[in-house]
Amino acid sequence: MSNFGVLLAADTATAATSGSTLMIVVIYILIFAAFYFFMIRPQRKSDRQKAQTIAALEVGDSVRTTGGFIGTVIDISDEAVIVEFGNNKNCRIPMVKEAIVEVEKPQDAVIKEEPANEKKKK
């Protein structure tokens with residue numbers, strides 16, 4: 001009987017060790033899933049949206065750069081754009097497309113406003 005008790009104790013210790021190992025693996029999987037859903041996935045979504053914005057860039061669009069400058073696109077190549085800043089037509093700066101943070105289309109900038117008489121009637 002004493003051999004049976006030793007074998008039973010050894011099996012119980014092995015089961016406890018494998019159970020705790022399984023629990024550690026499950027915790028690591030949960031931590032990785034949390035990192036994915038809270039950090040990696042939103043970053044990929046943001047990168048996809050920025051790539052779509054850059055792909056839709058056209059001549060005449062108003063852009064804001066990472067430096068905070070606002071200008072108008074006057075030429076587009078594969079990797080770079082030429083942006084005209086301010087009222088001075090001589091201020092044209094070539095820059096990489098990744099430096100563009102925000103794009104505003106000219107048709108989006110025009111706001112159609114109702115006449116004053118129409119507003120008063122409502």
Side-chain angles (χ1 to χ4, degrees):
M1 287 277 196
S2 65
N3 288 339
F4 180 70
V6 171
L7 291 175
L8 184 61
D11 286 340
T12 306
T14 305
T17 304
S18 66
S20 65
T21 304
L22 179 65
M23 196 65 167
I24 290 173
V25 170
V26 169
I27 290 173
Y28 278 120
I29 289 172
L30 290 175
I31 290 172
F32 178 75
F35 272 111
Y36 177 77
F37 282 108
F38 291 115
M39 296 178 73
I40 298 170
R41 187 170 173 246
Q43 184 65 38
R44 284 186 180 173
K45 185 176 180 181
S46 174
D47 290 345
R48 242 181 286 137
Q49 183 180 9
K50 183 173 180 178
Q52 289 174 347
T53 302
I54 296 297
L57 192 64
E58 296 175 346
V59 173
D61 290 348
S62 178
V63 296
R64 184 171 58 95
T65 65
T66 55
F69 294 109
I70 298 174
T72 304
V73 175
I74 59 171
D75 190 27
I76 301 174
S77 66
D78 290 337
E79 296 294 321
V81 294
I82 297 177
V83 181
E84 184 175 75
F85 295 101
N87 295 331
N88 186 359
K89 301 297 181 190
N90 294 328
C91 186
R92 297 177 177 181
I93 300 174
M95 60 180 52
V96 294
K97 288 182 178 179
E98 286 79 25
I100 296 173
V101 176
E102 185 178 314
V103 176
E104 184 177 293
K105 301 286 183 184
Q107 59 269 24
D108 294 342
V110 177
I111 300 172
K112 294 182 180 179
E113 193 172 313
E114 294 179 9
N117 295 338
E118 293 293 323
K119 288 182 182 178
K120 290 180 182 177
K121 290 179 183 177
K122 292 182 181 180

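Keep in mind that what you see is a predicted model, and the values were worked out from it rather than measured. Both backbone and side-chain heavy atoms feed into the values below; hydrogens, waters and symmetry mates do not. Just so you know, residue 1 is the first one in the sequence shown, and it goes up from there.
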Joint hydrophobic cluster, I93 plus V101, side-chain heavy atoms closer than 4.5 Å =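 In one cluster: no.
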Out of curiosity, does I29 fall in the hydrophobic cluster containing I27 (side-chain heavy atoms, cut-off under 4.5 Å, transitive links)?
-> no
Nearest heavy atoms of [X] and [Y], plus distance in Å:
{"X": "A56", "Y": "D61", "answer": "O-OD2, 4.0 Å"}
{"X": "V81", "Y": "V83", "answer": "CG2-CG2, 3.8 Å"}
{"X": "G60", "Y": "P106", "answer": "O-CG, 3.4 Å"}
{"X": "M95", "Y": "A99", "answer": "SD-CB, 4.4 Å"}
{"X": "K50", "Y": "E98", "answer": "NZ-O, 3.0 Å"}
{"X": "L57", "Y": "V73", "answer": "CD1-CG2, 4.1 Å"}

Value rounded to 0.5 Å, distance of CZ in R92 from CG in N90 =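 Between atom CZ of R92 and atom CG of N90 there are 7.5 Å.
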So how far is it from E104 CD to T72 OG1, rounded to the nearest 0.5 Å?
->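 One gets 10.0 Å once the value is rounded to the nearest 0.5 Å.
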Hydrophobic cluster (4.5 angstrom, side-chain heavy atoms) - remaining members for I70 =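 Other cluster members: none.
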Do K97 side-chain atoms and S77 backbone N/O form a donor-acceptor pair below 3.5 Å?
-> yes
Short side-chain to backbone donor-acceptor contact, S46 and P42, under 3.5 Å | no
With a 4.5 Å limit on heavy-atom distance, are the side chains of E58 and K105 in contact?
->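 SC-SC contact between E58 and K105 confirmed.
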ring-ring contact (aromatic ring centres under 6.0 Å, His included) against F85, all qualifying residues, sequence neighbours excluded =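 For F85 the ring-ring contact (aromatic ring centres under 6.0 Å, His included) partners, ignoring immediate neighbours, are F69.
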